[in-house]
Number of protein chains: 4
Amino acid sequence: MQYLKEEIRNNIIAAALEEFTKKGYQDASMRVIASNAGIAIGSVYRYFKNKDELFNSIVDPIYTSFTSMILELYQTEGVISRMHSIAKEITDKVMEFYEEHEAILLILIDKSKGSKYENIKEELIRLLNYRLKNELGPIFKETGVKLQDEYILYVVAASFIEGFFMIINKYKNLSMMKEMINQLLIVYFDDFHKRFQ
Amino acid sequence: MQYLKEEIRNNIIAAALEEFTKKGYQDASMRVIASNAGIAIGSVYRYFKNKDELFNSIVDPIYTSFTSMILELYQTEGVISRMHSIAKEITDKVMEFYEEHEAILLILIDKSKGSKYENIKEELIRLLNYRLKNELGPIFKETGVKLQDEYILYVVAASFIEGFFMIINKYKNLSMMKEMINQLLIVYFDDFHKRFQ
Amino acid sequence: MQYLKEEIRNNIIAAALEEFTKKGYQDASMRVIASNAGIAIGSVYRYFKNKDELFNSIVDPIYTSFTSMILELYQTEGVISRMHSIAKEITDKVMEFYEEHEAILLILIDKSKGSKYENIKEELIRLLNYRLKNELGPIFKETGVKLQDEYILYVVAASFIEGFFMIINKYKNLSMMKEMINQLLIVYFDDFHKRFQ
Amino acid sequence: MQYLKEEIRNNIIAAALEEFTKKGYQDASMRVIASNAGIAIGSVYRYFKNKDELFNSIVDPIYTSFTSMILELYQTEGVISRMHSIAKEITDKVMEFYEEHEAILLILIDKSKGSKYENIKEELIRLLNYRLKNELGPIFKETGVKLQDEYILYVVAASFIEGFFMIINKYKNLSMMKEMINQLLIVYFDDFHKRFQ
DNA sequence: AATGAATGAGCATTCATTCAT
DNA sequence: GATGAATGAATGCTCATTCAT
């Protein structure tokens, strides 16, 4: 029965994916998931202890490697001298993730409210912010730019991430997606420091 | 006593603020609000007709002045191409709903799912997007810029709004807030069309 | 303060009368009564222990004399030889009551559901039924009428009472009321026994 | 198991019947029904979507056949002036919804306040009143009868309906029921116009 | 004495979770 | 193992009654 079990488990996960994507963690219905998986509600609880654990088992592997990727990116040092490049490095990595995990990443980012993952987006923002701050520092110094409040960089990071995931969400065609993200990078970060002069 | 006790009303609002912030409109519990306000559940309903009205009375003043501010702002002609000149106008308007902004604005924007305000952010985005499209159109034509996909403007509008609210929520000091919004406008829109060349 | 108290008590009773008439015992609102009496809700409870007792103090005197009237009418013996006359005797007495108590009698009869008086109408029906049965017996015997089931008399009594109170409810003009009841008596009871031949 | 357990459904209906009879639609408690049915409150909602639907599924079949019966009956011409001839027709129709009548019919007629059926009795009365007026008109004219107030016909209609339901509710034996209704028709309508001369 | 704010048991309904079959 | 009926705590809300002022 090992084979059958695996298949059912996958059905549940597929149905859960759909339901979490449509309604988010909190509003997702276990009954709908069971029904879409073609099994009885009681059976879902044989495979997953509860709603929380079902969500976690879908999202946790991606969460884990996503956060470790973030950590790694924190540690990449000053290779890059332009905002555009910093952001591009990060978005390229996230895109790699997306290509591999698609729906799950999107759930993790935008549909995890109420779960323990609801802060993942903020962590990503903090990464970008950290990198922007650290690596723009010298450039700003060099060009005599003085920020009144570094929070502006955090805001830029956050809103860029927002825009980034909007594009990820919108396009199914991967090359279009990349094109758009590229454009977004330009709009956001090209000659970034000059805007403060 | 002709009027209800202001202190209790304030307790309810404080408890509601906390609960709405923590759980969002939909998941907020009237019982929890009552309990945190130190009163019986029935008493909440002496002060506010129902959950909806409790939410509205917290959120509506901010909603109203905020949307009218945004509307006014974007009916001003030539706004986008000379962002500097309107920065002051915007920041002045922001003053109007500043006093109570903190948690309330956060709730309005991010915790209003299930209430009549749930689309407020999107409406603002659409408005800004519309203005961007209309007013940048001639400039783009003139300068030979051709967008591959106008969705990029929607993304820019959405992420600007995101950033805008982040700033609004962050600062208690009004002049700092103005300053930051001014800066955000520059980062986003200064020589905007040139980024596409 | 004795005088003032009496006046307030009367105001409450007047307001209660109106509310009980409009909504019936069960659906009547203590708040509405207090408000229409021009006093605070708490004060109603100084004059009447609870809703039940308020209702009772309005209705009980009428109930008591009404039932004792019914009892009396049970004991009036065979004075009357025609259905019409039996019913007329009863309705005349009830009309006397009505002239004296108007709204209260109507509340007692039709708006007392949920209170301990809810069966008063049935008692009246039973009286009429009893009288019809007893006094028609000889006439039926004489004329060779044989009822298959005496319940028909109960039904006639009940529906007559129903019609009687419909008329009482409908007309404000007393002579019109009497006229109509007279007509109803004819329709119901004139040559009553002949209908069974 | 494709269908819900018939036995539990019947328990719910039995408990609901008892509760609706005792308290009427509005005051009936779903909790009490659940408890008397020996199940949890949540379970009632597996069998019936809500209180309304529980009430409807009990009452609607009777409502439907009853109203259609009455409608049919009074589209038959010449009904009123020759009541005898239609007595059989009526009693035959009554048979159709006899089996489940008892408590249900009582509920429909007298305990449905607050539900969509609350006006059923009045509708029937109006219908009968309309037919009485229309079909007695020519007869009255012919025989020179002049009513002082047509409301008397409404009262007759109303009290007849009252008596009709009393009989329906009283008898379990169908032929007795027919017999009684037949008798009631005679008492009410035989040589009806002559009573006004 | 009078007030009316406060109370809390009660209502219908939902849904994640359990458990007898 | 699988099922889905059963559970019951929790929800928003009402209103007769109480009680501090």
Side-chain angles (χ1 to χ4, degrees), chain A residues 1 4-5 8 26-35 37-54, chain B residues 1-5 7-9 23 26-35 37-55, chain C residues 1 4-5 8 26-35 37-54, chain D residues 1-5 7-9 23 26-35 37-55:
Chain A
M1 289 277 158
L4 253 186
K5 269 175 82 170
I8 291 174
Q26 219 161 174
D27 293 343
S29 156
M30 292 297 273
R31 268 185 180 74
V32 169
I33 290 170
S35 151
I39 60 166
I41 175 65
S43 303
V44 176
Y45 286 84
R46 186 156 290 281
Y47 291 84
F48 303 93
K49 198 183 145 209
N50 52 34
K51 191 181 178 178
D52 219 69
E53 206 167 85
L54 170 57
Chain B
M1 204 178 290
Q2 189 129 23
Y3 46 87
L4 300 175
K5 268 209 304 218
E7 190 193 335
I8 291 175
R9 209 189 126 91
K23 312 234 196 88
Q26 213 162 193
D27 293 339
S29 159
M30 292 298 272
R31 270 179 183 76
V32 169
I33 290 169
S35 151
I39 59 171
I41 175 65
S43 301
V44 177
Y45 289 86
R46 275 197 77 74
Y47 292 83
F48 301 94
K49 202 182 142 210
N50 51 35
K51 190 181 180 180
D52 221 69
E53 206 170 84
L54 171 56
F55 189 73
Chain C
M1 288 277 154
L4 252 188
K5 269 175 79 172
I8 291 174
Q26 219 161 173
D27 293 343
S29 157
M30 291 298 273
R31 266 185 182 73
V32 170
I33 290 169
S35 152
I39 60 167
I41 174 66
S43 302
V44 177
Y45 287 85
R46 186 157 290 281
Y47 291 84
F48 303 94
K49 199 183 146 207
N50 52 35
K51 191 180 178 179
D52 220 70
E53 208 168 83
L54 170 56
Chain D
M1 205 180 285
Q2 186 128 23
Y3 47 86
L4 301 174
K5 267 206 304 207
E7 189 192 338
I8 291 176
R9 209 189 126 92
K23 311 235 195 89
Q26 214 162 194
D27 293 339
S29 159
M30 292 297 272
R31 273 179 182 78
V32 169
I33 290 170
S35 151
I39 59 171
I41 176 63
S43 301
V44 177
Y45 289 85
R46 276 198 76 75
Y47 292 83
F48 302 94
K49 201 181 143 211
N50 51 34
K51 191 182 180 179
D52 220 70
E53 204 168 86
L54 171 57
F55 189 73

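Chain letters run A, B, ... following the sequence lines, proteins first and then strands; every chain starts at 1.
Proximity note for I8(B) (side chain, C-beta onward) versus dA16(F), dT7(E), dA5(E): the nearest is dA5(E).
Nearest-nucleotide assignment on DNA chain F puts the 5′-proximal partner with V44(D), out of A28(C) and V44(D). Where G38(D) and G38(A) each meet DNA chain F at their nearest nucleotide, the meeting point lying more 5' is that of G38(A). Place V32(D) and D27(A) on DNA chain E by their nearest nucleotides, and V32(D) ends up nearer the 5' end.
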Could you list all N or O pairs between the protein and nucleotides 17-21 of chain E that sit under 3.5 Å apart?
{"residue": "dT17(E)", "atom": "OP2", "partner": "Y45(A)", "partner atom": "OH", "Å": "3.2"}
{"residue": "dT17(E)", "atom": "OP2", "partner": "K51(A)", "partner atom": "N", "Å": "3.0"}

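Here I39(A) contributes atom CD1 and I33(A) contributes atom CD1; the two are 10.0 Å apart, rounded to the nearest 0.5 Å. Within the model, atoms CD1 of I41(A) and CE of M30(A) stand 5.5 Å from one another, a figure rounded to the nearest 0.5 Å. From S43(B), atom OG reaches atom NZ of K5(B) across 10.5 Å, with rounding to the nearest 0.5 Å. The NZ atom of K51(D) lies 7.5 Å from the CD atom of Q26(D); values are rounded to the nearest 0.5 Å. Going from atom CZ of R46(A) over to atom CD1 of I8(A) covers 11.0 Å, rounded to the nearest 0.5 Å.
Counting non-hydrogen atoms under 4.0 angstrom, A37(D) reaches nothing in the nucleic acid. In this structure, A34(D) reaches neither bases nor backbone, as no heavy-atom distance under 4.0 Å exists between it and the strands shown.
To the nearest angstrom, P of dA12(E) lies 11 Å from CD of Q26(D). Between the OH atom of Y47(B) and the C1' atom of dG12(F) there is a distance of 19 Å, given to the nearest Å. Rounded to whole angstrom, the span from the CD1 atom of I33(B) across to the P atom of dC13(F) amounts to 10 Å. Look at CZ on F48(C): it is 16 Å from P on dA16(F), rounded to the nearest Å. The distance from atom NZ of K23(D) to atom C1' of dC11(E) is 11 Å, rounded to the nearest whole Å. Rounded to an integer number of Å, the gap from I39(B) CD1 to dG8(E) C1' is 13 Å. Taking atom CZ on F55(B) and atom C1' on dT11(F), their separation rounds to 17 Å, with Å as the unit.
A pairwise comparison of heavy atoms in N50(C) and Y45(C) identifies CA-CE2, 3.8 Å as the closest pair. Between R9(B) and F48(B), the shortest heavy-atom contact is NH1-CE2, 3.6 Å.
For the helix from dA2(E)-dT21(F) to dT21(E)-dA2(F), the end axes, each set by the C1' atoms of five terminal pairs, are bent relative to each other by 30° (nearest 10°).
Residues passing the side chain to side chain donor-acceptor pair (under 3.5 Å) test with K49(B), sequence neighbours excluded: none.
Taking only side-chain nitrogens and oxygens, S29(D) never comes nearer than 4.0 Å to OP1 or OP2 of dG10(E).
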